[in-house]
Amino acid sequence: MVTGSAGFIGGHVADALRAAGHDVVGLDVRHRTDARDTGDVRHGTDAGSAEDVRHRADAGDAHDRWHTADVRDATALDELLPGVDMVVHQAAKVGLGVNVSDLPDYTSVNAHGTAVLLAAMARHTIAHLILASSMVIYGEGRYTCTAHGPTRPAPRSVQDLENGRFDPACPRCGEPLTHAVIEEDARPDPRNAYASTKLAQEHLAANWARETGGRVAALRYHNVYGPRMPRDTPYAGVAAIFRSALEAGRAPAVFEDGRQLRDFVHVRDVARANLAALSAPVRPGELRAWNIASGTPHTVGDLAEALASERGGPSPRVTGEYRLGDVRHIVASPGRAAAELGFRAEIGFEAGMKEFARS
Ligand code: UD1
């Protein structure tokens, strides 16, 4: 079962699993809207109620495997989970959020939704979970101070941000820190509602694994982009926001000084990482995490330039604006995923952005 199968990443994961010969049960609160656009095989149902889900599950039609139901709906899960051997949990409310009014929704969909799913998996003795986690759980990445060595900076102060001091400073001497590559054993330090609920998902899944002997592969995605990325919502990732601006003939608005680093990883690589995670080396009762990243970070300014140049302008505008929930640099090591999952991103920044700018 792929939860979130109508979503951006979940859709690509479901496609990759199907292409590899797996029998995929898709579950999503929305039905897939890309069916006609892509020409892919889609048998979307638009049930919307447990009653409809039951009817379709009973019909036993192998092609009728996309179900519209909320991941928090235990009744729907009880209808759909029999026969499922593994759950790939991609359903989530994503993005940074607009303000604190989003807190209940993030908690409900991401934390409570995962709890309902895990309880249902236990009822149906399904022991294998792949969890879509995120690099946002690390908060500010890893830094070093020339005088004081490895350091974890506090959240950036409003005053520093207002004054254009975007790089975190050493809490001991106040000098700017140099970023370093983060590994999976780093202590989590979520800095916004989304990050907190992604970490809650990992904790809940680890609790479930310990109690049931289940196995969890947590994939900590970096900045995923690519075809079918959602656009024009305040919850969209920066690549989609920039592309939408360019499509509308507007200059991409680059926040801070544009030198903040991210690792942009293509959605088809992320789908391949999920395939690799099917045979992840996880012991029963354990959760193990992997960074899913390209290993080649770029600045947000580079991203804006690449998309603008591919579309023939307008040129990006560096605004100096900031968002309090944003972290400055987040750069991870893809080493563990390479060594243990055999996963390496294949789609490079230039080729990926070229395709994305026009998709
Ligand atoms: C993103 C995703 C998050 C996901 C994570 C890892 C969103 C909103 N965030 O986090 O869900 O878990 O990747 O996959 O989808 N920026 C601009 N101009 C804009 C918007 C943003 O310059 O118009 C800057 C931000 O200030 C930030 C950077 O771009 O420095 C990245 O922002 P964004 O893509 O929103 O979020 P991430 O924190 O990287």
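Just so you know, ligand 1 is whichever comes first in the structure, and atom 1 is the first atom listed for that ligand.
- In summary, Glu183 and Arg336 do not engage in a salt bridge, as defined by a charged side-chain N under 4.0 Å from a carboxylate O.
- Counting atoms of ligand 1 from 1 in the listed order, those under 4.0 Å from a heavy atom of Ala253 are 17 (C), 18 (N), 19 (C), 22 (O), 23 (O).
- Near Tyr221, the atoms of ligand 1 lying under 4.0 angstrom from a non-hydrogen atom of the residue are 6 (C), 14 (O).
- Look at Arg220 and Glu202 and you find a salt bridge, because one of the NZ, NE, NH1 or NH2 atoms lies within 4.0 Å of a carboxylate O, short of that distance.
- For Phe242, the heavy-atom gap to ligand 1 drops under 4.0 angstrom.
- Only the backbone of Ala236 comes within 4.0 Å of ligand 1, counting heavy atoms alone; no side-chain atom from C-beta on gets that close.
- Close contacts between ligand 1 and Val300 involve ligand atoms 22 (O), 28 (C), 29 (O) [criterion: under 4.0 Å to a heavy atom].
- Against a heavy-atom cut-off of under 4.0 Å, Tyr194 is close to the following atoms of ligand 1: 3 (C), 4 (C), 11 (O), 12 (O).
- Listed by number with element, the atoms of ligand 1 under 4.0 angstrom from any heavy atom of Met135 are 5 (C), 6 (C), 13 (O), 39 (O).
- Considering OH of Tyr225 and CZ of Phe349, their distance stands at 7.0 Å, rounded to 0.5 Å.
- Of the N or O atoms in Ile241, none lie within a sub-3.5 Å distance of an N or O in ligand 1.
- For the pair Glu256 and Arg323, the salt-bridge criterion is not met [side-chain N within less than 4.0 Å of a carboxylate O].
- Side-chain contact, Tyr322 with Asp160: no donor N or O sits under 3.5 Å from an acceptor N or O.
- Within the structure, the ring pair (Phe, Tyr, Trp, His ring centres under 6.0 Å) test picks out the following pairs touching residues 133-192 (sequence neighbours left out): His179-His329.
- Ionic pairing of Arg288 and Glu340 is present here: one or more N-O contacts between side-chain nitrogen and carboxylate oxygen are shorter than 4.0 angstrom.
- Ionic pairing of Asp326 and Arg191 is not present here: no N-O contact between side-chain nitrogen and carboxylate oxygen is shorter than 4.0 angstrom.
- Every atom of ligand 1 with a heavy atom of Ser134 under 4.0 Å away is listed here by number and element: 4 (C), 5 (C), 6 (C), 12 (O).
- Within ligand 1, the atoms closer than 4.0 Å to a non-hydrogen atom of Val254 are 22 (O), numbered from 1 in the order shown.
- The heavy atom nearest to atom 33 (P) of ligand 1, considering only Gln260, Arg323, His222, is found in Arg323.
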